[in-house]
Amino acid sequence: MLTRKQHDLICFIQDRLADSGVSPSFEEMKDALSLKSKSGVHRLISALEERGYLRRLPNRARALEVLKVPERPEAKRVPTPRARPAAAPPQPANDVIEIPLHGRIAAGVPIEAFEGSTMLPVPAALLGAGEHFALEVAGDSMVEAGILDGDYALIRRQEVARDGEIVVALIEDAEATLKYFRREGAMVRLDPANRAYDPQRYAPAQVRVQGKLAGLLRRYD
């Protein structure tokens, strides 16, 4: 069952798509639902995705697909601001969400120790459903995966991983590392993406997955 805000948002998005064929921006959704910030819109969209009402189209900053619409009295339809003409091309969205920046991935301390640190503005299109945080990459152990020193790794917080996924792993509750996750018999193997480094093997009890790589941000000085 949807909350009132979730119900109003999915109806507003469906109305805008029906009127103009273009998804509303985060700013328009925030104003339509009288929310204080766009982060509230992001949480509502993530909840609707998890419940199967909504899907974000990949590689497009402003593209939402409504999969199903709840029943609603016509009188409760959320007022729709003036829509762009259907023939007008979609305008690029600049929706930004702030997520916690927890420090450098090779800092040698548990990620929990970074709680309450600074926030990093991230384009909403780079993030899917779930809770996210960011880490600054230190070193060259993942260069062959396109992850360079100084990049910001955008991590979806989760405690499980499948073979071949790039994860943040906490080793013996002391050292955090960004590596490919694989199972090798009774062991866990953490693979670098640099032939100059060797894989690391641990007993499962020694490794705790803290999140999965969801995206990257890179600075160009």
Side-chain angles (χ1 to χ4, degrees), residues 42 46 49 56-61 63 92-221:
H42 176 69
S46 296
E49 284 186 294
R56 293 187 230 213
L57 302 179
N59 302 320
R60 295 171 62 185
N94 295 314
D95 299 316
V96 171
I97 296 171
E98 290 190 339
I99 62 175
L101 174 60
H102 286 332
R104 291 174 70 82
I105 187 63
V109 294
I111 289 169
E112 285 87 345
F114 295 117
E115 295 293 346
S117 52
T118 60
M119 305 296 286
L120 179 69
V122 176
L126 294 181
L127 303 176
E131 180 184 357
H132 293 78
F133 60 91
L135 293 167
E136 186 177 357
V137 176
D140 60 356
S141 66
M142 296 297 288
V143 293
E144 291 170 19
I147 303 172
L148 309 182
D149 183 77
D151 285 351
Y152 291 110
L154 309 180
I155 307 298
R156 176 178 177 175
R157 193 181 293 275
Q158 60 186 59
E159 297 179 354
V160 296
R162 290 181 287 189
D163 279 11
E165 291 183 331
I166 297 176
V167 304
V168 173
L170 188 62
I171 302 167
E172 296 181 340
D173 286 328
E175 181 182 357
T177 186
L178 186 70
K179 295 289 186 292
Y180 283 107
F181 177 91
R182 291 188 171 88
R183 294 175 179 85
E184 186 176 69
M187 304 293 286
V188 169
R189 194 179 82 217
L190 301 177
D191 288 345
N194 185 332
R195 279 167 271 186
Y197 296 91
D198 295 326
Q200 304 166 7
R201 292 175 175 82
Y202 301 95
Q206 294 177 287
V207 178
R208 185 153 57 97
V209 173
Q210 302 242 289
K212 169 188 169 183
L213 182 70
L216 285 174
L217 280 180
R218 180 166 298 157
R219 293 175 299 182
Y220 294 93
D221 298 328

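We're numbering straight along the sequence, starting at 1. Values in this document were obtained by computation on a predicted structure and should not be read as measured data.
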Original post:
Are the side chains of V122 and I97 in touch, meaning some heavy atoms are under 4.5 Å apart?
Top reply: no
Original post:
Residues in side-chain hydrogen bond (donor to acceptor under 3.5 Å, both in side chains) with D140, at least two apart?
Top reply: Y197
**OP:** List in chain and number order the residues that pass side-chain hydrogen bond (donor to acceptor under 3.5 Å, both in side chains) with R156, two or more places apart in sequence or in another chain; answer none if no residue qualifies.
**Re:** none
**OP:** Would you check if L178 and I147 make a side-chain contact, meaning some heavy-atom pair closer than 4.5 Å?
**Re:** yes
**OP:** Sort out for me which residue in L190, V207, V188 forms a side-chain contact (heavy atoms from CB on, under 4.5 Å) with Q200.
**Re:** L190
Original post:
In chain order, what residues pass the side-chain hydrogen bond (donor to acceptor under 3.5 Å, both in side chains) check against D163, with sequence neighbours excluded?
Top reply: R183
**OP:** Evaluate the side-chain proximity of Q210 to E159: yes if any heavy-atom separation is below 4.5 Å, no if none is.
**Re:** no
**OP:** Using the test salt bridge (Lys or Arg N to Asp or Glu O under 4.0 Å), find all partners of D151 that sit at least two apart in sequence or belong to another chain.
**Re:** R218
Original post:
Can you name the nearest heavy-atom pair linking M142 to D191, along with the distance?
Top reply: SD-O, 4.1 Å
Subject >> Y152 vs L120 side-chain heavy atoms within contact, under 4.5 Å >> reply: yes
Subject >> Donor-acceptor contact present, side-chain D149 to main-chain G139, <3.5 Å >> reply: yes
**OP:** Evaluate the side-chain proximity of I155 to I99: yes if any heavy-atom separation is below 4.5 Å, no if none is.
**Re:** no
Original post:
Going from CD on E136 to CG on L217, what distance comes out if it is rounded to the nearest 0.5 angstrom?
Top reply: 11.5 Å
**OP:** Sequence neighbours left out, what passes side-chain hydrogen bond (donor to acceptor under 3.5 Å, both in side chains) with E184? Give chain and number order.
**Re:** R189, R201
Subject >> Within-4.5 Å side-chain heavy-atom neighbours: R195 and E144 >> reply: yes
**OP:** Heavy atoms only: give me the nearest Y180-A145 pair and the separation to one decimal.
**Re:** OH-CB, 3.6 Å
Subject >> A153 to L213 - nearest heavy-atom pair and separation >> reply: CB-CD1, 3.8 Å
Subject >> Which residues share a side chain to side chain contact (heavy atoms under 4.5 Å, CB included) with E165, sequence neighbours left out >> reply: Q158, A161, R162, V167, K212
Subject >> Side-chain heavy atoms of I171 within contact of R208, under 4.5 Å >> reply: no
Original post:
Given side chains that start at C-beta, do those of F181 and V209 come closer than 4.5 Å, heavy atoms only?
Top reply: yes
**OP:** Tell me, with the steps shown, if L135 and V168 meet side-chain contact (heavy atoms from CB on, under 4.5 Å).
**Re:** CA-CA 9 Å; L135 293 167; V168 173; 3.8 Å; yes
**OP:** Might you point out which heavy atoms bring S141 and P192 nearest each other, and give the distance in Å?
**Re:** O-CB, 3.4 Å
Subject >> Inter- and intrachain pairs under salt bridge (charged side-chain N to carboxylate O under 4.0 Å, His left out), touching residues 119-135, at least two apart >> reply: E131-R157
Subject >> N/O donor-acceptor pair under 3.5 Å between H132 side chain and G130 backbone >> reply: yes
